[in-house]
Amino acid sequence: MIETDTHRDTQHAVRHRTIAGGALFLGGGLSTPSLARGLSIPLLCLPQRPDATVFECWLEALELVGVEGRACWVLTDDRGESKWRHSGCPASLILDQAQYRGPAGVVLDASSRFEGDGPRFVIEHTRMLERSDLLQEALSAHLAGEHAVSIAVNPDGSFSGILIANQNAIDIIPGIGFMDIKEQWLPAANANGFSVQRVPLSGWSRQIRSLDMYLEALDAASAFRDPDQSRVIGRGESVLDPSPYAGAMTCAGATIEPGASVARSVVAPGGRVEAGAVVVRSLVSRGAVVPTNAVVIDSIVDSADTQRVGRV
């Protein structure tokens, strides 16, 4: 039988289905991202495509490496749990009720929830993955190099927010006390003879900590449609030669009424932009409403307060 590229890719995915052990999304942290402060839902529940959230896109990528949804856990706190409930996005949550453990301690504690000894993915919750095959790419490099811990890096060498760790490297984390990942656990793993290596990705895992970062990540993924009907112009090189902005990413269940202008913006499921409104470089969150003739620029309009227009 002639082995096609599709067949090889399928066989590659099947082999990996029994390898990856689970995934933990690290939420919380000492500082709240500016985008999260303006939202009543978690960052992971923001739209990445018209038909899928950031979290759902991560789940698609994890499924390719054999991590089922039941083996994906999200670390959050009491406030974050409330946001997850409000969002309606299904997720298995771990409440961070013992902050003295630190992020590495949480990784150790959470790893007991995963079946088997396969590598564990540790992912920052403020990231948007550009392509679903990137985790498979990172896992292949991790296994081929026989690393104990792999630090996935973006094409420019910056940290991607993705770690892959074998259970034996996780097991050196103390069962009590605080331990940080970058400053304490990784140096300790290296000192104990575990291979800790950087693994380059061919695509990006981008930060979405701010509104600008979120829109830039979507723009890089060509999420905004052509500006055929847009009456809003963007910031050109001169006022005499302005450049049109791309239009909206309008999600399933969202409404943009006739006469509204939406440019370089996201209208999430259940969001509505009423007639005559202008929305530029903004996010209209789930269930939020931009009223008739309102002007929203560089802002988040959240369902908790649809009249709020705050610069991020």
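At most 12 heavy atoms of other shown residues, nucleotides or ligands fall within 6.0 angstrom of atom CD in Glu183. The environment of CZ in Arg113 is crowded: more than 12 heavy-atom neighbours from other residues, nucleotides or ligands sit within 6.0 Å.
Here the CG atom belonging to Leu129 is positioned 5.0 Å from the CG atom belonging to Leu135, to the nearest 0.5 angstrom. Note that the OG atom of Ser112 and the CD atom of Gln167 stand 8.5 Å from one another [nearest 0.5 Å]. Distance check: Ile164 CD1 to Ser140 OG gives 9.0 Å after rounding to the nearest 0.5 Å. Expressed to the nearest 0.5 Å, how far OG of Ser82 lies from CD1 of Ile41 amounts to 12.5 Å. Rounding to the nearest 0.5 Å gives a distance of 9.5 Å between CG of Leu75 and NE2 of His125. The line from CG of Leu283 to CG of Leu46 is 6.0 Å long, rounded to the nearest 0.5 Å.
Glu56 places a side-chain N or O within donor-acceptor distance of the main-chain N or O of Thr53, the cut-off being under 3.5 Å. With Arg101 contributing its side chain and Gly177 its backbone, the two residues share a donor-acceptor pair below 3.5 Å. Under the 3.5 Å distance criterion, the side-chain polar atoms of Asn190 are left unmatched by any main-chain donor or acceptor of Val196. A donor-acceptor distance shorter than 3.5 angstrom exists from the side chain of Ser282 to the backbone of Ser299, with no hydrogens or angles considered. Remark: the backbone N or O of Gly161 is not paired with any side-chain donor or acceptor of Glu124 at under 3.5 angstrom. Side-chain N or O atoms of Ser265 include one that pairs as donor or acceptor with a backbone N or O of Ala263 at under 3.5 Å. Using modelled atom types, no side-chain atom of Lys83 and backbone atom of Leu43 make a donor-acceptor pair closer than 3.5 Å. Without hydrogens or angle criteria, Asp156 side chain to Ser158 main chain gives a donor-acceptor distance under 3.5 Å. Asn154 places no side-chain N or O within 3.5 Å of a backbone atom of Gly157 that could act as its donor or acceptor partner. Counting only distance, with no hydrogens or angles, the side chain of Arg127 and the backbone of Ser205 share a donor-acceptor pair below 3.5 Å.
A 4.5 Å side-chain heavy-atom check between Glu274 and Val289 finds at least one atom pair inside the cut-off. Here the side chains of Val284 and Ile300 are not in contact, with every heavy-atom distance at 4.5 Å or above. Contact check for Ser195 versus Glu146: no side-chain heavy atoms found under the 4.5 Å cut-off. Side-chain atoms of Pro42 and Thr76, non-hydrogen and from C-beta on, never get closer than 4.5 Å to each other. Looking at Leu26 and Ile181, their side chains come closer than 4.5 Å, going by heavy atoms from C-beta outward. Looking only at side-chain heavy atoms (C-beta outward), Ser34 and Arg209 stay at 4.5 Å or farther from each other. You'll find the side chain of Ile297 reaches within 4.5 Å of the side chain of Arg281, heavy atoms only. Side chains of Val199 and Val153 form no contact here, defined as non-hydrogen atoms less than 4.5 Å apart.
No hydrogens or angles considered: nothing links the side chains of Ser210 and Asp212 as a donor-acceptor pair under 3.5 Å. Side-chain polar atoms of Glu137 and Ser202 form a donor-acceptor pair below 3.5 angstrom. Side-chain contact of Gln207 with Thr126: a donor-acceptor pair under 3.5 Å is present, judged by distance alone. Side chains of His147 and Asn166: a donor-acceptor N/O pair is absent below 3.5 angstrom, by distance only.
With sequence neighbours excluded, no residue forms a ring-ring contact (aromatic ring centres under 6.0 Å, His included) with Tyr214. When the salt bridge (Lys or Arg N to Asp or Glu O under 4.0 Å) test is applied to Asp171, no partner is found at least two apart in sequence or on another chain. Partners of Asp180 under the salt bridge (Lys or Arg N to Asp or Glu O under 4.0 Å) rule, at least two apart in sequence or in another chain, do not exist in this structure. When the salt bridge (Lys or Arg N to Asp or Glu O under 4.0 Å) test is applied to Arg286, no partner is found at least two apart in sequence or on another chain.
Taking every heavy atom of both residues into account, Ala248 and Ile256 meet most closely at CB-CD1, 4.1 Å. When all heavy atoms of Val67 and Ala23 are compared, the pair lying nearest together is CG1-N, 4.0 Å. Annotation for Ile208 and Leu35: closest pair O-CD2, 3.4 Å, computed over non-hydrogen atoms. Of all heavy-atom pairs spanning Leu64 and Ser132, the tightest one is CD1-O, 3.5 Å. Summarising the geometry of Met249 relative to Phe224, their closest heavy-atom pair is N-CD2, 3.8 Å, with the distance given to 0.1 Å. Here the shortest heavy-atom pairing between Leu139 and Pro119 reads CD1-CG, 4.2 Å.
In this structure, Glu115 pairs ionically with Arg70, as a charged nitrogen and a carboxylate oxygen lie closer than 4.0 Å. Looking at Glu81 and Arg79, no side-chain N of the basic residue comes within less than 4.0 Å of a carboxylate O on the acidic one, giving no salt bridge. Here Arg49 pairs with Asp51 in a salt bridge; the nearest charged N to carboxylate O distance falls below 4.0 Å. The existence of a salt bridge linking Glu216 and Arg206 is excluded, since no basic side-chain nitrogen approaches an acidic carboxylate oxygen closer than 4.0 Å.
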> Can you check side chain to side chain contact (heavy atoms under 4.5 Å, CB included) on Leu39 and Ser285, steps first, answer last?
Replying inline: CA-CA 8 Å; Leu39 290 171; Ser285 189; 3.8 Å; yes
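Here ring-ring contact (aromatic ring centres under 6.0 Å, His included) pairs that include residues 34-69, with residues two or more places apart or in two chains, are Phe25-Phe55, Phe25-Trp58, Phe55-Trp84. Among pairs with a residue in residues 262-295, none fulfils ring-ring contact (aromatic ring centres under 6.0 Å, His included), at least two apart in sequence or across chains.
A continuous path of hydrophobic side-chain contacts links Val262 to Val296 [ILVMFWY only; heavy atoms under 4.5 Å]. Under a hydrophobic-cluster definition in which Ile, Leu, Val, Met, Phe, Trp and Tyr are linked whenever side-chain heavy atoms come within less than 4.5 Å, directly or via other members, Trp185 and Phe114 are assigned to the same cluster. Hydrophobic clustering places Leu186 together with Ile172 (ILVMFWY residues linked when any side-chain heavy atoms are closer than 4.5 Å, directly or through intermediates). Placement of Leu163 and Leu108 within a single hydrophobic cluster is found when ILVMFWY residues are connected by side-chain heavy-atom separations under 4.5 Å, directly or transitively. Hydrophobic clustering keeps Leu44 apart from Met213 (ILVMFWY residues linked when any side-chain heavy atoms are closer than 4.5 Å, directly or through intermediates).
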